[in-house]
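Working notes for the structure below.
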Amino acid sequence: MAVTMAKQSEQHSGLLYGLVNRMIILALLILLTFLLPRLMPGDPVDMLISSDVARDLSAAERTALQVQMGLNAPLWEQFGGYVLGILKGDLGYSAHHAAPVTSLLASALPWTGLLIILSLPVFLIVGVGLGIEAGQRPHRRLDHAVTGLMTLFASLPPFAVAVLLLAVFGFLWPLFPASGAEPLFPSDDLVTNIFEILYHAALPALALAAHEIVRFYYLSRGEAMKLSVRPFVINAYARGITGWRARIHYYGRNLLPVLLARLSDSLSTLVSTVLYVEIVFSYPGIGTLLYGAILERDFVLLQGVILGLATCVLMTNWGIDVVVSSLAERG
Amino acid sequence: MAMTFSILKKSFLGVGLLACAFGVAQEVEASERLVMAERKGDRGMLAPYVHHKNGPGYIFTSYLFDTLIGQDDAGKPIPALASSWSVSKDGLTYTLALNEAVTWHDGTAFTAEDVAFTIEYMQKHPYSFISIANIASYEVMSPHKIQVTLKKRDAGMMTSKLVSLPILAKHIYETIETPARFLETKAAIGTGPYKLVRYEKAQGRYLLERNEAYYGGRPKYEQLAIFKMAPQAALKAMTSGQVDLYNRLPVEDIDAAQKAGLKVFRYVSHHPSRLIFNHRGLFKDKAMRQALAFAIDRQALVDIVYRGKAEIADTGFLQKGTAWYSDMTLPSYAADPAKAADMLTQQGWRKGDDGQWGKAGKTIALRFITSKSFKKMATVLSQQLTAFGFAVELRILEKAAVNAALKKEDFDLSLQTSSTLGDPDSYFHRVFSKSPKSDDYQGDGKMKEMLKKQQQATSAAERRAIVKEFQALYAEELPSYMLINPVWVVAHTDRVQPVFFDSGIAFGIPMAIPKNILMP
Amino acid sequence: MVTRFYGTLKQWQNLLAGLAVLLFLAVLFLSFLPSYDVGYNTLQAPSRSHWLGTNDIGQDVLTGILTALPNTVLVAVLASLMALFLAIVMAANAAIAKGWVAALILRLVDILHIIPSILVLLLFAAWIQPGFLGMILLIGLTSWHDDVRVLRALILRERTRENVAFARQMGAGWGYCLWRHILPSVWPAITGLFVQHIRQSTMKVAGLGFLGLTDPRLVTWGSMMQDALDYLHMSAALWLLLPPGLCLCLFLLLALALGRRLERYSLAEERDLS
């Protein structure tokens with residue numbers, strides 16, 4: 001009893017440690033996103049009106065714009081306003097898009113979320129399934145073939161997979177739409193509409209999953225190999241338990257905590273992969289938004305997206321950690 | 001935390017919207033709908049203060065907002081919101097009679113009060129394309145008559161200002177303190193042929209519908225949709241009849257478009273790329289600029305960078321075939337390395353032992369700074385200059401960093417591109433201003449005087465004569481060296497016919513999609 | 001102990017010699033490389049004069065691949081070297097120092113571990129548009145934390161061995177012990193980490209190049225793939241996209257195979273030691 005109590009409190013302090021770390025990161029990111037853009041060369045006012053057709057601004061008009069963009073106050077005052085705004089849930093206003101950053105994020109986030117959610121079952125089922133299959137009987141022909149294939153996959157950068165999928169299934173053999181997230185004119189029929197959205201998301205989601213399949217394959221193969229020599233599994237085999245029952249009850253269930261723990265890790269890599277994928281498929285999610293902000297030097301949007309995204313990632317993977325530890329508590 | 005929460009909350013709303021997004025669009029028969037697409041989407045909300053500050057942003061907004069004076073199918077001024085106008089002898093007072101049939105998209109009547117309000121409002125909240133600082137006063141004479149008085153004569157008042165200035169609705173904007181943040185659909189209520197139905201920022205989509213009460217006649221299509229699409233995807237969509245017009249198809253895709261049975265509208269854009277000099281550095285003297293021009297092979301640029309699908313630009317700023325161009329023989333600076341070397345030698349430059357040009361025994365490197373959009377051209381150019389014997393220090397930076405370098409004068413050469421269309425008034429900005437897109441040339445002041453003189457001109461002929469002088473002087477002085485006049489392409493189907501004005505749309509936008517193509 | 005000592009020297013010599021050879025080859029290679037010139041033959045399919053065809057401004061793709069080789073591979077190797085060095089220093093401090101220094105380092109590592117590193121990388125890359133050196137610094141500085149925990153565990157294990165204790169008794173400083181006793185015995189693990197790190201760095205170099213966030217004059221396999229994106233729907237995609245893509249894949253496979261071999265070797269070595 002005392003032991004489990006100690007273990008529990010240790011887990012809780014671990015979670016607390018993770019939470020504190022995440023708070024520190026957010027604080028650092030707030031500082032970084034505030035400072036870096038202001039150190040970048042170039043004047044945001046210039047960028048905003050840098051068009052050959054725009055006329056010259058008078059000095060007064062320029063100052064007015066600067067005031068409007070909050071660029072002329074002393075640095076500490078700008079920072080104070082920035083932090084206060086963030087605490088109130090205001091990430092600033094993108095002058096380039098002429099829209100509040102939160103609403104830009106809100107309109108992009110569902111699309112990115114959709115891709116991630118769609119890729120989740122793909123890499124879990126394929127990666128874990130193949131991993132268990134190969135790890136059950138390591139060093140057999142199947143294991144060698146699949147591991148070889150996975151090694152090849154592991155050696156393709158995420159953007160290369162995306163470009164390859166696009167080139168092959170978007171153009172060479174156009175089974176799937178080459179860009180965008182929806183048909184030009186979605187139908188009013190909800191079912192067709194949902195189908196169309198899924199159809200557009202298929203290729204990007206697959207590109208996103210490809211990278212994670214490898215990671216989950218290696219993980220579950222290794223774990224399955226370890227499990228295969230454990231007495232209770234050998235026992236089960238001896239009792240004639242095979243097929244799906246063995247895979248799900250004996251391997252799957254015992255893999256769950258490890259997989260969940262890895263999932264929390266995966267969120268970071270998923271986010272970086274999704275960035276490439278969205279750019280390649282011109283998918284209207286967070287990645288495209290972020291990339292545009294970088295290219296346009298839209299500082300406010302850039303810092304907003306990075307902060308928003310970091311918050312989402314950190315909170316979600318902390319959430320997963322909480323689930324994992326409560327699972328572990330239950331045993 | 002609050003932030004995450006609010007984002008999440010909005011996201012859930014977003015998911016809900018996704019499912020029913022654009023459902024309405026289907027109600028309209030495809031035959032009644034025109035679909036336009038272009039490569040870069042999202043031009044911002046289509047209202048004067050919030051659309052993106054570039055040509056397409058302005059044009060799409062102009063579908064919703066009419067101006068006092070319009071353009072006919074050749075780009076010449078015609079009555080629009082103002083049904084007639086007169087100018088006083090001294091050229092200072094403009095009396096405008098307004099069209100009484102005009103209503104705003106919400107049904108409110110359009111009156112002289114709206115025009116007066118627009119002038120007032122734009123003096124307080126500057127509009128980024130047109131300056132109205134020259135307006136001294138205005139007087140509302142009757143509900144549909146207004147008189148505007150200028151501070152000084154402006155020959156371009158009609159053809160550049162009144163043609164371009166969108167008129168705002170007083171009843172919408174009078175309560176708006178910061179128009180740059182006014183994003184409600186209400187902000188897009190104008191007097192133009194189309195009304196905004198929906199704008200989806202993330203996807204870069206616009207849905208517009210016919211303004212049935214439009215005073216200029218019934219617009220041709222019941223709905224107008226504008227999308228963002230990659231060229232390849234657009235070609236596919238056009239062949240299947242989903243898209244009717246694609247603005248600015250890459251020249252590489254012309255063959256593919258024609259093979260797919262699409263029509264290709266091709267025009268010389270008169271939006272030439274040009275070599276910008278640092279006029280307070282190595283290229284202070286005209287002879288140096290000319291020498292460099294002779295060292296460059298523009299035909300090779302056309303052949304390599306544009307694969308032959310572009311024209312060599314005219315050197316006198318104005319381009320052949322445009323409204324203000326006068327036909328004359330101008331120096332063309334055809335590639336002539338020997339001549340370039342001669343001129344350099346006369347300027348005291350010598351080739352060192354390493355075969356590179358320099359002065360007083362020291363090699364001088366040319367700082368060539370440009371942005372990524374010019375990567376190909378800069379690569380070819382710097383190779384030409386290197387072959388000629390210049391040490392070239394090429395830096396390709398982000399736009400913002402280029403602008404910063406130009407401002408600090410930390411460069412010798414740079415590349416820019418801008419329209420040469422529009423009223424001669426616009427040349428001020430493109431030649432003399434400090435803007436990164438400008439030549440930032442002062443010279444001996446003669447050229448600036450010329451342009452000031454044309455503003456005071458009393459007749460079009462007088463103006464044209466002065467502009468002709470400007471053209472000759474520009475080719476001689478080379479405030480910048482005009483390189484290539486690229487060809488722009490619109491792919492379209494039978495349902496719509498692009499049209500190009502030789503003076504550009506409004507203040508000189510070189511695109512073939514004015515609102516005229518939406519009218520019968 | 002004597003053999004161990006000579007072992008170290010030899011390992012360092014090997015590494016340095018390897019690097020020197022690599023650098024020498026790189027210089028030799030660059031001096032023989034034809035320049036990446038533009039030409040009138042744009043978007044040409046592979047032919048006898050251009051084995052891998054040409055790109056949209058007539059540059060030879062094969063020359064591009066070769067020009068990009070050091071910009072991709074050497075950058076990744078040097079960045080990993082830098083990261084590894086930092087990681088060793090940090091791990092040694094975390095293992096040997098006590099109290100707040102160790103705690104600080106470990107906390108820092110934990111923090112860096114959960115930051116989505118791509119965000120930080122993007123933020124900085126957008127800011128400095130790194131060239132050859134910038135890229136090495138950027139990637140080295142944002143990835144050292146990956147190896148600290150493993151290295152710390154190894155050093156902790158090694159520091160309790162009798163030869164270290166003996167050397168300490170003889171008055172040797174920690175620096176000396178680390179250099180002479182601890183590192184040599186964990187050498188195989190270090191090389192294994194190094195190779196793994198090279199893979200990660202290569203992906204990052206290629207990724208940044210692909211996003212166009214590096215100095216545009218720096219030709220990398222990633223940036224070549226980005227330039228190919230405009231021609232995805234044309235047959236030119238074949239010779240613009242595949243060569244850099246395959247080179248990347250091949251190099252990553254090579255590093256993976258090498259890493260595997262080193263891992264096996266290090267396991268064998270462990271067995272010999274115990």
Side-chain angles (χ1 to χ4, degrees), chain A residues 17-18 20-22 24-25 28-29 32-33 36-37 39-41 151-164 166-167 170-172 174 178 264-265 267-276 279-280 290-291 293-295 297 302-303 305-307 309-310 312-314 317-318 321, chain C residues 106-129 199-200 202-213 221-222 225-226 228-229 231-235 237-238 240-242 244-257 259-260:
Chain A
Y17 179 78
V20 171
N21 276 350
R22 283 169 172 83
I24 296 177
I25 292 174
L28 283 178
L29 275 180
L32 201 66
T33 50
L36 271 189
L39 295 174
M40 284 189 188
T151 312
L152 190 70
F153 256 133
S155 298
L156 281 171
F159 63 84
V161 177
V163 172
L164 216 65
L166 177 62
F171 292 111
L172 204 63
S264 130
D265 251 10
L267 216 57
S268 291
T269 55
L270 268 176
V271 164
S272 65
T273 316
V274 88
L275 177 77
Y276 294 113
I279 292 167
V280 171
L290 179 64
Y291 191 51
I294 290 174
L295 293 188
R297 282 295 184 279
L302 183 65
Q303 56 202 19
V305 172
I306 287 192
L307 269 183
L309 201 55
C312 289
V313 170
L314 294 178
N317 64 16
W318 189 71
D321 284 351
Chain C
L106 289 179
R107 158 113 20 179
L108 191 63
V109 169
D110 281 350
I111 284 179
L112 289 175
H113 185 69
I114 39 177
I115 290 188
S117 63
I118 183 84
L119 295 184
V120 180
L121 210 57
L122 284 182
L123 206 59
F124 278 97
W127 179 38
I128 55 177
Q129 285 238 333
R199 276 173 58 81
Q200 297 304 323
T202 311
M203 296 246 192
K204 283 177 189 163
V205 177
L208 286 182
F210 180 76
L211 292 180
L213 293 179
W221 291 335
M225 289 181 77
Q226 193 211 20
L229 280 190
Y231 305 96
L232 220 49
H233 59 306
M234 296 159 85
S235 55
L238 216 58
L240 291 181
L241 199 60
L242 283 186
L246 284 179
C247 282
L248 255 180
C249 183
L250 214 62
F251 177 72
L252 289 169
L253 269 178
L254 211 68
L256 191 69
R260 290 265 166 83

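Just so you know, these numbers come straight off a predicted model, no measurement behind them. In the text below, chain A, chain B and the rest are named by the order of the sequence lines, each starting its count at 1. Just so it is clear, the values below take in all heavy atoms, side chains as well, and ignore hydrogens, waters and symmetry mates.
Proximity of C/I111 to A/R22: side-chain heavy atoms (C-beta onward) are nowhere separated by under 4.5 Å. The closest side-chain heavy-atom distance from A/P157 to C/M225 is not below 4.5 Å.
Looking at A/L267, there are no atoms closer than 4.5 Å to chain C (heavy atoms on both sides), in backbone or side chain. With a 4.5 Å cut-off on non-hydrogen atoms, C/A237 does not touch chain A at all. With a 4.5 angstrom heavy-atom cutoff, A/L314 touches chain C only via side-chain atoms. In this structure, the portion of C/L241 lying under 4.5 Å from any heavy atom of chain A is its side chain and not its backbone. Interface remark: C/L213 contributes side-chain atoms only to the contact with chain A (heavy atom separation under 4.5 Å). Of the two parts of A/I279, only the side chain, counted from C-beta on, holds a non-hydrogen atom closer than 4.5 Å to a non-hydrogen atom of chain C. Only the side chain of C/L229 has a heavy atom closer than 4.5 Å to any heavy atom of chain A.
Side chain of A/Y276 to main chain of C/F210: no donor-acceptor pair is present (N/O by atom type, distance under 3.5 Å, no hydrogens or angles).
Only one option out of A/L166, A/L172, A/V280 pairs with C/L232 in a side-chain contact (heavy atoms from CB on, under 4.5 Å); it is A/L166.
Distance check: C/L242 CG to A/L164 CG gives 7.0 Å after rounding to the nearest 0.5 Å. If you take CG on C/L112 and CD1 on A/I25, they are separated by 8.0 Å, rounding to the nearest 0.5 Å. Between the CE atom in C/M203 and the OG atom in A/S155 there is a gap of 6.5 Å [rounded to 0.5 Å].
Annotation: side-chain contact (heavy atoms from CB on, under 4.5 Å) contacts of A/L309 (sequence neighbours excluded): A/V271, A/I286, C/L119. When the side-chain contact (heavy atoms from CB on, under 4.5 Å) test is applied to A/L152, the partners found at least two apart in sequence or on another chain are C/C249, C/L253.
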Evaluate side chain to side chain contact (heavy atoms under 4.5 Å, CB included) for C/R107 paired with A/Y17, printing each intermediate quantity in order. CA-CA 9 Å; C/R107 158 113 20 179; A/Y17 179 78; 3.3 Å; yes
Residues C/L122, A/L275; criterion side chain to side chain contact (heavy atoms under 4.5 Å, CB included); working and verdict: CA-CA 11 Å; C/L122 284 182; A/L275 177 77; 3.5 Å; yes
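Top candidate by heavy-atom pairs under 4.5 Å with chain C, chosen from A/A154, A/P174, A/A160, is A/A154. Ranked by heavy-atom pairs under 4.5 Å with chain A, the list C/G245, C/A206, C/A125 is led by C/A206.
Across every non-hydrogen atom of A/T151 and C/R260, the tightest pair is OG1-NH1, 4.2 Å. Nearest approach of A/Y291 to C/L211, heavy atoms of both residues: OH-O, 2.8 Å.
Within a 6.0 Å radius of CZ in A/F153, no more than 12 heavy atoms belonging to other residues, nucleotides or ligands are found.
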